[in-house]
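Worth knowing before you read on, the calculation uses all heavy atoms, side chains too, and leaves out hydrogens, waters and symmetry mates.
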Amino acid sequence: MGRVNTVKLQKSLESLLKEVEEVKKRESAERMKTQECKETVKKKRERIVSEFGKLHRLLADEEKLLLQKLEEEEKQILLLINENLARLVEEKCLLEELILEIKEKSQQPADGLLKDMKSILSRCEGVKFQSPKAVCVTLKENYCIPERCLGMRDMLKKFRVDVILDPETAHPDLSVSEDRKSVRRGSKKLLLSLFDSPKRFGSAPAVLGSPGFFSGRHYWEVQVGDKPEWGLGLCREAAGRKGSVLFSPNNGYWVLRLQNGGTYEALTVPVSPVTLSVRPRRVGIFLDYEAGEISFYNVSDRSHIYTFTDKFSGNLRPLFFLGAFLGGRNAEPLVISWVRDPQGTGCIIL
(Lines give C-alpha, C1' and ligand atoms only; values in the text may rest on other atoms or scores of the structure.)
Protein backbone atom coordinates (compact mmCIF):
# COMPACT_ATOMS: atom_id res chain seq x y z
CA MET A 1 0.00 0.00 0.00
CA GLY A 2 2.79 2.35 0.96
CA ARG A 3 4.59 1.64 -2.33
CA VAL A 4 1.43 2.41 -4.29
CA ASN A 5 1.09 5.77 -2.57
CA THR A 6 4.74 6.54 -3.25
CA VAL A 7 4.25 5.85 -6.94
CA LYS A 8 1.15 8.05 -7.02
CA LEU A 9 3.00 10.88 -5.28
CA GLN A 10 5.91 10.53 -7.72
CA LYS A 11 3.55 10.77 -10.70
CA SER A 12 1.84 13.80 -9.16
CA LEU A 13 5.24 15.40 -8.57
CA GLU A 14 6.32 14.77 -12.16
CA SER A 15 3.05 16.19 -13.42
CA LEU A 16 3.43 19.28 -11.27
CA LEU A 17 7.04 19.74 -12.37
CA LYS A 18 5.89 19.64 -16.00
CA GLU A 19 3.20 22.18 -15.19
CA VAL A 20 5.79 24.42 -13.53
CA GLU A 21 8.02 24.22 -16.62
CA GLU A 22 5.06 25.07 -18.84
CA VAL A 23 4.13 28.01 -16.61
CA LYS A 24 7.74 29.21 -16.66
CA LYS A 25 7.78 29.05 -20.46
CA ARG A 26 4.55 31.01 -20.67
CA GLU A 27 5.81 33.48 -18.07
CA SER A 28 8.97 33.97 -20.11
CA ALA A 29 6.92 34.41 -23.28
CA GLU A 30 4.71 37.02 -21.61
CA ARG A 31 7.75 38.88 -20.31
CA MET A 32 9.13 38.87 -23.84
CA LYS A 33 5.82 40.30 -25.04
CA THR A 34 6.14 43.01 -22.40
CA GLN A 35 9.59 43.89 -23.70
CA GLU A 36 8.38 43.70 -27.30
CA CYS A 37 5.48 46.00 -26.45
CA LYS A 38 7.82 48.49 -24.79
CA GLU A 39 10.15 48.45 -27.80
CA THR A 40 7.24 48.94 -30.20
CA VAL A 41 5.85 51.82 -28.15
CA LYS A 42 9.33 53.35 -27.85
CA LYS A 43 9.82 53.32 -31.62
CA LYS A 44 6.33 54.70 -32.20
CA ARG A 45 6.91 57.40 -29.57
CA GLU A 46 10.22 58.37 -31.21
CA ARG A 47 8.49 58.55 -34.60
CA ILE A 48 5.70 60.75 -33.20
CA VAL A 49 8.20 63.07 -31.49
CA SER A 50 10.30 63.23 -34.66
CA GLU A 51 7.37 63.98 -36.96
CA PHE A 52 5.84 66.57 -34.66
CA GLY A 53 9.29 68.09 -34.18
CA LYS A 54 9.56 68.45 -37.95
CA LEU A 55 6.04 69.88 -38.08
CA HIS A 56 6.87 72.34 -35.30
CA ARG A 57 9.97 73.51 -37.19
CA LEU A 58 8.03 73.97 -40.41
CA LEU A 59 5.24 75.80 -38.58
CA ALA A 60 7.80 77.99 -36.81
CA ASP A 61 9.24 78.95 -40.20
CA GLU A 62 5.76 79.75 -41.54
CA GLU A 63 5.02 81.80 -38.41
CA LYS A 64 8.29 83.71 -38.81
CA LEU A 65 7.56 84.41 -42.48
CA LEU A 66 4.02 85.59 -41.75
CA LEU A 67 5.18 87.87 -38.91
CA GLN A 68 7.93 89.32 -41.15
CA LYS A 69 5.36 90.16 -43.84
CA LEU A 70 3.09 91.72 -41.22
CA GLU A 71 5.98 93.77 -39.80
CA GLU A 72 6.98 94.93 -43.29
CA GLU A 73 3.46 96.13 -44.04
CA GLU A 74 3.34 97.86 -40.65
CA LYS A 75 6.62 99.67 -41.49
CA GLN A 76 5.24 100.85 -44.84
CA ILE A 77 2.03 102.19 -43.27
CA LEU A 78 3.90 103.89 -40.39
CA LEU A 79 6.36 105.44 -42.86
CA LEU A 80 3.50 107.14 -44.72
CA ILE A 81 1.90 108.27 -41.45
CA ASN A 82 5.22 109.66 -40.17
CA GLU A 83 5.74 111.55 -43.43
CA ASN A 84 2.32 113.15 -42.96
CA LEU A 85 3.10 113.95 -39.32
CA ALA A 86 6.43 115.58 -40.23
CA ARG A 87 4.72 117.73 -42.86
CA LEU A 88 1.93 118.71 -40.43
CA VAL A 89 4.40 119.58 -37.66
CA GLU A 90 6.36 121.78 -40.09
CA GLU A 91 3.17 123.57 -41.20
CA LYS A 92 2.08 124.00 -37.58
CA CYS A 93 5.45 125.59 -36.69
CA LEU A 94 5.17 128.05 -39.61
CA LEU A 95 1.64 129.00 -38.59
CA GLU A 96 2.58 129.45 -34.94
CA GLU A 97 5.57 131.62 -35.92
CA LEU A 98 3.30 133.77 -38.11
CA ILE A 99 0.70 134.07 -35.35
CA LEU A 100 3.37 135.08 -32.84
CA GLU A 101 4.74 137.66 -35.27
CA ILE A 102 1.27 139.15 -35.85
CA LYS A 103 0.66 139.40 -32.09
CA GLU A 104 3.98 141.15 -31.62
CA LYS A 105 3.29 143.55 -34.50
CA SER A 106 -0.16 144.36 -33.15
CA GLN A 107 1.53 145.75 -30.01
CA GLN A 108 3.61 148.22 -32.05
CA PRO A 109 2.67 151.89 -32.73
CA ALA A 110 0.32 152.46 -35.67
CA ASP A 111 2.98 153.94 -37.96
CA GLY A 112 5.28 150.90 -37.50
CA LEU A 113 2.41 148.51 -37.97
CA LEU A 114 1.37 150.15 -41.27
CA LYS A 115 4.92 149.73 -42.62
CA ASP A 116 4.86 145.91 -42.09
CA MET A 117 1.15 145.37 -42.75
CA LYS A 118 1.46 144.66 -46.46
CA SER A 119 4.20 142.06 -45.92
CA ILE A 120 2.32 140.32 -43.10
CA LEU A 121 -0.98 140.18 -44.99
CA SER A 122 0.82 138.86 -48.07
CA ARG A 123 2.38 136.06 -46.02
CA CYS A 124 -0.97 135.26 -44.40
CA GLU A 125 -2.63 134.98 -47.78
CA GLY A 126 0.24 132.78 -48.95
CA VAL A 127 -0.34 130.27 -46.19
CA LYS A 128 -2.15 127.29 -47.72
CA PHE A 129 -2.84 124.24 -45.64
CA GLN A 130 -1.90 121.04 -47.47
CA SER A 131 -4.03 118.07 -46.57
CA PRO A 132 -1.96 115.00 -45.66
CA LYS A 133 -1.79 112.09 -48.06
CA ALA A 134 -4.52 109.57 -47.45
CA VAL A 135 -3.13 106.56 -45.59
CA CYS A 136 -5.19 103.40 -45.33
CA VAL A 137 -4.47 101.51 -42.13
CA THR A 138 -6.44 98.47 -43.30
CA LEU A 139 -3.98 95.63 -43.89
CA LYS A 140 -3.70 94.33 -47.46
CA GLU A 141 -3.68 90.69 -46.31
CA ASN A 142 -5.71 88.93 -43.64
CA TYR A 143 -2.60 87.05 -42.38
CA CYS A 144 -4.45 83.81 -41.67
CA ILE A 145 -2.60 80.52 -41.25
CA PRO A 146 -1.90 79.24 -44.80
CA GLU A 147 -3.89 76.19 -45.85
CA ARG A 148 -0.66 74.32 -46.59
CA CYS A 149 0.08 74.38 -42.84
CA LEU A 150 -2.90 72.09 -42.27
CA GLY A 151 -1.26 69.11 -43.99
CA MET A 152 2.30 67.78 -43.78
CA ARG A 153 2.56 67.02 -47.50
CA ASP A 154 1.24 70.46 -48.43
CA MET A 155 3.88 71.99 -46.18
CA LEU A 156 6.64 69.81 -47.59
CA LYS A 157 5.66 70.77 -51.13
CA LYS A 158 6.82 74.28 -50.29
CA PHE A 159 10.33 72.82 -50.49
CA ARG A 160 9.76 70.87 -53.72
CA VAL A 161 12.71 70.69 -56.08
CA ASP A 162 12.80 69.59 -59.70
CA VAL A 163 15.01 66.49 -59.58
CA ILE A 164 16.25 64.93 -62.83
CA LEU A 165 18.37 61.83 -63.46
CA ASP A 166 22.08 61.98 -64.23
CA PRO A 167 22.68 59.45 -67.06
CA GLU A 168 26.47 59.62 -66.56
CA THR A 169 25.99 57.78 -63.25
CA ALA A 170 23.56 55.14 -64.54
CA HIS A 171 24.45 51.43 -64.49
CA PRO A 172 24.98 50.22 -68.11
CA ASP A 173 21.84 48.04 -67.97
CA LEU A 174 19.61 51.01 -67.22
CA SER A 175 17.74 53.15 -69.72
CA VAL A 176 17.12 56.79 -68.80
CA SER A 177 14.33 58.66 -70.60
CA GLU A 178 15.12 61.67 -72.77
CA ASP A 179 13.46 64.03 -70.30
CA ARG A 180 15.58 62.42 -67.53
CA LYS A 181 12.49 61.87 -65.42
CA SER A 182 12.22 58.08 -65.57
CA VAL A 183 14.54 55.06 -65.57
CA ARG A 184 13.98 51.38 -66.26
CA ARG A 185 15.95 48.23 -66.83
CA GLY A 186 16.14 47.57 -70.53
CA SER A 187 18.22 47.04 -73.62
CA LYS A 188 17.84 50.60 -74.89
CA LYS A 189 20.92 52.25 -73.41
CA LEU A 190 22.18 55.78 -73.73
CA LEU A 191 25.36 56.19 -75.80
CA LEU A 192 27.05 57.42 -72.63
CA SER A 193 26.51 54.01 -71.02
CA LEU A 194 28.88 52.40 -73.53
CA PHE A 195 31.79 54.17 -71.88
CA ASP A 196 32.88 53.26 -68.37
CA SER A 197 33.28 56.10 -65.95
CA PRO A 198 34.15 56.46 -62.26
CA LYS A 199 30.77 58.18 -61.90
CA ARG A 200 28.83 55.14 -63.15
CA PHE A 201 27.49 52.36 -60.91
CA GLY A 202 29.35 49.17 -61.79
CA SER A 203 27.20 46.40 -60.28
CA ALA A 204 24.20 47.94 -58.51
CA PRO A 205 21.35 48.80 -60.95
CA ALA A 206 21.19 52.40 -59.75
CA VAL A 207 21.43 56.00 -60.95
CA LEU A 208 21.87 59.33 -59.18
CA GLY A 209 19.76 62.45 -59.52
CA SER A 210 20.54 66.14 -59.82
CA PRO A 211 20.85 68.63 -58.29
CA GLY A 212 23.02 67.79 -55.32
CA PHE A 213 22.40 69.34 -51.93
CA PHE A 214 24.91 71.00 -49.59
CA SER A 215 22.32 72.56 -47.27
CA GLY A 216 18.66 73.42 -46.85
CA ARG A 217 15.35 71.58 -47.09
CA HIS A 218 14.30 69.77 -50.24
CA TYR A 219 11.34 67.56 -51.21
CA TRP A 220 10.57 65.43 -54.25
CA GLU A 221 8.28 62.51 -55.10
CA VAL A 222 8.88 59.33 -57.06
CA GLN A 223 6.26 57.05 -58.60
CA VAL A 224 7.11 53.43 -57.77
CA GLY A 225 3.82 52.02 -59.06
CA ASP A 226 3.55 48.24 -58.66
CA LYS A 227 7.27 47.54 -58.87
CA PRO A 228 8.08 44.55 -56.61
CA GLU A 229 11.60 45.88 -55.94
CA TRP A 230 12.97 49.39 -55.69
CA GLY A 231 15.16 51.60 -53.53
CA LEU A 232 15.05 55.37 -52.96
CA GLY A 233 17.05 57.81 -50.88
CA LEU A 234 20.23 59.83 -50.98
CA CYS A 235 23.96 59.20 -51.01
CA ARG A 236 27.14 61.18 -50.61
CA GLU A 237 28.71 62.32 -53.86
CA ALA A 238 31.93 60.58 -52.81
CA ALA A 239 30.25 57.26 -51.91
CA GLY A 240 31.66 54.20 -53.74
CA ARG A 241 29.81 53.01 -56.86
CA LYS A 242 32.03 50.21 -58.15
CA GLY A 243 32.09 46.57 -57.11
CA SER A 244 29.75 45.26 -54.45
CA VAL A 245 28.05 48.34 -53.01
CA LEU A 246 26.55 47.99 -49.53
CA PHE A 247 23.82 50.56 -49.04
CA SER A 248 24.17 51.79 -45.46
CA PRO A 249 24.65 55.12 -43.68
CA ASN A 250 28.19 54.06 -42.76
CA ASN A 251 28.98 53.91 -46.48
CA GLY A 252 27.24 57.18 -47.28
CA TYR A 253 23.88 55.73 -48.39
CA TRP A 254 20.49 56.40 -46.80
CA VAL A 255 18.06 54.11 -48.60
CA LEU A 256 14.50 52.84 -48.16
CA ARG A 257 13.95 49.58 -50.08
CA LEU A 258 11.15 47.24 -51.11
CA GLN A 259 12.46 43.73 -51.64
CA ASN A 260 10.75 40.98 -53.65
CA GLY A 261 7.30 42.50 -53.41
CA GLY A 262 6.73 42.28 -49.70
CA THR A 263 9.46 43.48 -47.35
CA TYR A 264 10.02 47.17 -46.77
CA GLU A 265 13.36 47.97 -45.14
CA ALA A 266 15.39 50.96 -44.08
CA LEU A 267 18.94 49.92 -44.95
CA THR A 268 20.58 50.60 -41.60
CA VAL A 269 23.00 48.27 -39.77
CA PRO A 270 21.30 46.00 -38.88
CA VAL A 271 18.44 46.43 -41.35
CA SER A 272 15.31 48.09 -39.91
CA PRO A 273 12.09 46.38 -41.10
CA VAL A 274 9.24 48.79 -41.87
CA THR A 275 5.59 47.76 -41.61
CA LEU A 276 3.11 49.60 -43.86
CA SER A 277 -0.67 49.25 -43.84
CA VAL A 278 -1.02 50.74 -47.34
CA ARG A 279 1.32 49.91 -50.21
CA PRO A 280 2.84 53.15 -51.54
CA ARG A 281 2.56 53.82 -55.25
CA ARG A 282 4.30 57.16 -54.87
CA VAL A 283 6.97 57.98 -52.28
CA GLY A 284 7.90 61.44 -51.02
CA ILE A 285 11.49 62.11 -49.90
CA PHE A 286 12.27 65.09 -47.65
CA LEU A 287 15.82 66.15 -46.82
CA ASP A 288 16.41 68.54 -43.93
CA TYR A 289 20.18 68.92 -44.21
CA GLU A 290 20.83 71.04 -41.12
CA ALA A 291 18.52 68.92 -38.93
CA GLY A 292 20.29 65.75 -40.18
CA GLU A 293 17.08 64.05 -41.32
CA ILE A 294 15.97 62.16 -44.42
CA SER A 295 12.27 61.29 -44.21
CA PHE A 296 10.14 59.09 -46.46
CA TYR A 297 6.37 59.47 -46.88
CA ASN A 298 3.68 57.28 -48.40
CA VAL A 299 1.89 59.76 -50.66
CA SER A 300 -0.91 57.23 -51.23
CA ASP A 301 -2.24 57.56 -47.67
CA ARG A 302 -0.22 60.62 -46.53
CA SER A 303 1.59 58.62 -43.86
CA HIS A 304 5.16 58.73 -42.59
CA ILE A 305 7.28 55.68 -43.49
CA TYR A 306 10.72 56.16 -41.95
CA THR A 307 13.28 58.83 -40.97
CA PHE A 308 17.06 58.48 -41.04
CA THR A 309 18.86 60.67 -38.53
CA ASP A 310 22.52 61.45 -39.14
CA LYS A 311 25.05 64.25 -39.43
CA PHE A 312 25.58 65.27 -43.05
CA SER A 313 28.58 66.83 -44.75
CA GLY A 314 29.42 67.51 -48.37
CA ASN A 315 27.20 67.01 -51.40
CA LEU A 316 24.18 64.67 -51.12
CA ARG A 317 22.63 63.25 -54.31
CA PRO A 318 19.19 61.67 -54.83
CA LEU A 319 19.48 57.89 -55.40
CA PHE A 320 17.28 55.59 -57.50
CA PHE A 321 17.74 51.82 -57.24
CA LEU A 322 15.85 49.62 -59.73
CA GLY A 323 16.17 46.25 -57.97
CA ALA A 324 16.39 42.83 -59.60
CA PHE A 325 14.78 42.24 -63.01
CA LEU A 326 12.82 39.24 -61.62
CA GLY A 327 12.19 37.70 -65.03
CA GLY A 328 10.51 40.83 -66.31
CA ARG A 329 8.18 41.32 -63.33
CA ASN A 330 10.20 44.37 -62.28
CA ALA A 331 10.37 46.08 -65.68
CA GLU A 332 8.20 49.04 -64.62
CA PRO A 333 10.18 52.31 -64.41
CA LEU A 334 10.80 54.63 -61.51
CA VAL A 335 9.34 58.02 -62.44
CA ILE A 336 10.20 61.34 -60.79
CA SER A 337 7.12 63.50 -60.45
CA TRP A 338 7.24 66.76 -62.37
CA VAL A 339 7.31 69.99 -60.42
CA ARG A 340 5.83 71.66 -63.50
CA ASP A 341 4.43 69.96 -66.55
CA PRO A 342 6.65 69.41 -69.60
CA GLN A 343 4.47 71.70 -71.75
CA GLY A 344 5.42 74.61 -69.51
CA THR A 345 1.86 75.68 -68.77
CA GLY A 346 2.75 76.23 -65.13
CA CYS A 347 0.44 73.49 -63.87
CA ILE A 348 1.81 71.90 -60.72
CA ILE A 349 1.87 68.12 -61.00
CA LEU A 350 3.86 67.24 -57.90
Side-chain angles (χ1 to χ4, degrees), residues 161-213 218 220-249 251-267 279-285 287 294 296 299 315-339 342 349-350:
V161 60
D162 197 10
V163 172
I164 59 173
L165 298 167
D166 179 0
E168 292 189 2
T169 67
H171 183 279
D173 287 344
L174 301 185
S175 175
V176 176
S177 62
E178 290 184 9
D179 61 12
R180 299 189 179 184
K181 281 291 184 178
S182 68
V183 58
R184 68 168 72 238
R185 299 193 70 147
S187 58
K188 185 181 177 182
K189 304 178 181 65
L190 293 173
L191 181 61
L192 287 169
S193 69
L194 299 177
F195 304 95
D196 193 20
S197 162
K199 298 180 180 180
R200 193 178 307 288
F201 282 92
S203 58
V207 58
L208 298 184
S210 293
F213 308 113
H218 310 278
W220 62 98
E221 293 179 357
V222 181
Q223 298 174 40
V224 297
D226 294 318
K227 286 179 67 63
E229 284 199 2
W230 51 261
L232 297 171
L234 290 106
C235 75
R236 288 198 186 98
E237 175 74 52
R241 303 174 203 172
K242 300 297 184 182
S244 179
V245 178
L246 176 63
F247 291 158
S248 76
N251 293 330
Y253 287 90
W254 296 268
V255 179
L256 176 74
R257 179 179 69 180
L258 169 63
Q259 189 172 26
N260 203 17
T263 306
Y264 293 92
E265 299 171 331
L267 299 185
R279 181 188 181 102
R281 296 181 58 82
R282 182 183 294 190
V283 176
I285 300 101
L287 165 66
I294 298 171
F296 298 84
V299 178
N315 189 14
L316 298 185
R317 301 278 300 274
L319 173 77
F320 306 84
F321 175 73
L322 274 292
F325 192 57
L326 301 178
R329 290 189 297 111
N330 197 28
E332 194 175 345
L334 289 174
V335 182
I336 306 169
S337 299
W338 284 92
V339 172
I349 294 180
L350 175 58

Practice task
Return the set of residues passing side chain to side chain contact (heavy atoms under 4.5 Å, CB included) with S203 (not counting sequence neighbours), or none when no residue passes.
Solution key: none
Exercise for the section: Applying side chain to side chain contact (heavy atoms under 4.5 Å, CB included), run through V163 and F320 and close with a yes or a no. Expected result: CA-CA 11 Å; V163 172; F320 306 84; 4.0 Å; yes
Problem - Distance in Å, L174 CG paired with R200 CZ, rounded so as to fall on 0.5 Å steps - result: 9.5 Å
Fill in the blank from the handout: Sorted by chain and residue number, the side chain to side chain contact (heavy atoms under 4.5 Å, CB included) partners of Q223 (sequence neighbours excluded) come out as R282, V335, S337
Handout entry: Side chain K181, main chain I336, donor-acceptor under 3.5 Å
Key = no
Exercise for the section: Go through L316 and W254 one step at a time and tell me if the side chain to side chain contact (heavy atoms under 4.5 Å, CB included) criterion holds. Expected result: CA-CA 10 Å; L316 298 185; W254 296 268; 3.9 Å; yes
Handout entry: Interatomic distance, N260 atom CG to N330 atom CG [nearest 0.5 angstrom]
Key = 9.5 Å
Handout entry: Check against side chain to side chain contact (heavy atoms under 4.5 Å, CB included), L319 and L232
Key = CA-CA 6 Å; L319 173 77; L232 297 171; over 6 Å; no
Problem - pair P280-V299: side-chain heavy atoms closer than 4.5 Å - result: no
Handout entry: Partner set under side chain to side chain donor-acceptor pair (under 3.5 Å) for R279, not counting sequence neighbours
Key = none
Problem - Criterion ring pair (Phe, Tyr, Trp, His ring centres under 6.0 Å) on F213 and W220, from CA distance to verdict - result: CA-CA 13 Å; F213 308 113; W220 62 98; 5.6 Å; yes
Exercise for the section: Determine yes or no for a side-chain-to-main-chain donor-acceptor pair under 3.5 angstrom, with S177 supplying the side chain and S182 the backbone. Expected result: yes
Practice task
Looking only at non-hydrogen atoms, find the nearest pair between P228 and L258 and report the distance.
Solution key: O-CG, 3.3 Å
Practice task
Check for a donor-acceptor pair, side chain of T169 on one end and backbone N or O of V207 on the other, with a separation under 3.5 Å.
Solution key: no
Practice task
Check for a donor-acceptor pair, side chain of H171 on one end and backbone N or O of G202 on the other, with a separation under 3.5 Å.
Solution key: yes
Completion exercise
When every non-hydrogen atom of P318 is compared with those of P211, the smallest separation belongs to CD-O, 3.4 Å
Practice task
State whether the side chain of D162 and the backbone N or O of W338 hold a donor-acceptor pair below 3.5 Å, judged by distance alone.
Solution key: no
Handout entry: Sequence-distant partners of N315, side chain to side chain donor-acceptor pair (under 3.5 Å), two or more places apart
Key = E237
Practice task
Measure the spacing between CD1 of I294 and CG of L234 and express it to the nearest 0.5 Å.
Solution key: 4.5 Å
Exercise for the section: Rounded to the nearest 0.5 Å, what's the gap from NE2 on H218 to CD1 on I285? Could you check? Expected result: 13.5 Å
Exercise for the section: Could you tell me whether the side chain of D226 reaches within less than 4.5 Å of the side chain of E332, counting heavy atoms only? Expected result: yes
Handout entry: With sequence neighbours excluded, residues passing side chain to side chain contact (heavy atoms under 4.5 Å, CB included) with E265
Key = R257, Q259, T263, L267, V271
Exercise for the section: Go through the structure and list residues passing side chain to side chain contact (heavy atoms under 4.5 Å, CB included) with A324, not counting sequence neighbours. Expected result: E229, L326
Practice task
Measure up the F201 and Y253 rings against each other and bin them: parallel (under 30°), tilted (30 to 60°), perpendicular (over 60°).
Solution key: tilted
Exercise for the section: For side chain to side chain contact (heavy atoms under 4.5 Å, CB included), just list the numbers for F321 and W230, CA-CA rounded to whole Å, side-chain angles, deciding distance to a tenth of an Å, and then say yes or no. Expected result: CA-CA 6 Å; F321 175 73; W230 51 261; 6.0 Å; no
Exercise for the section: Measure from the side-chain N and O atoms of R329 to the backbone N and O of K227, and report whether any donor-acceptor pair falls under 3.5 Å. Expected result: no
Handout entry: E168 (side chain) donor-acceptor with K199 (main chain) under 3.5 angstrom
Key = no
Exercise for the section: List the atom of F325, the atom of R185, and the distance in Å for their closest heavy-atom pair. Expected result: N-NH1, 3.7 Å
Problem - D166 with R317: basic N within carboxylate O range, under 4.0 Å - result: yes
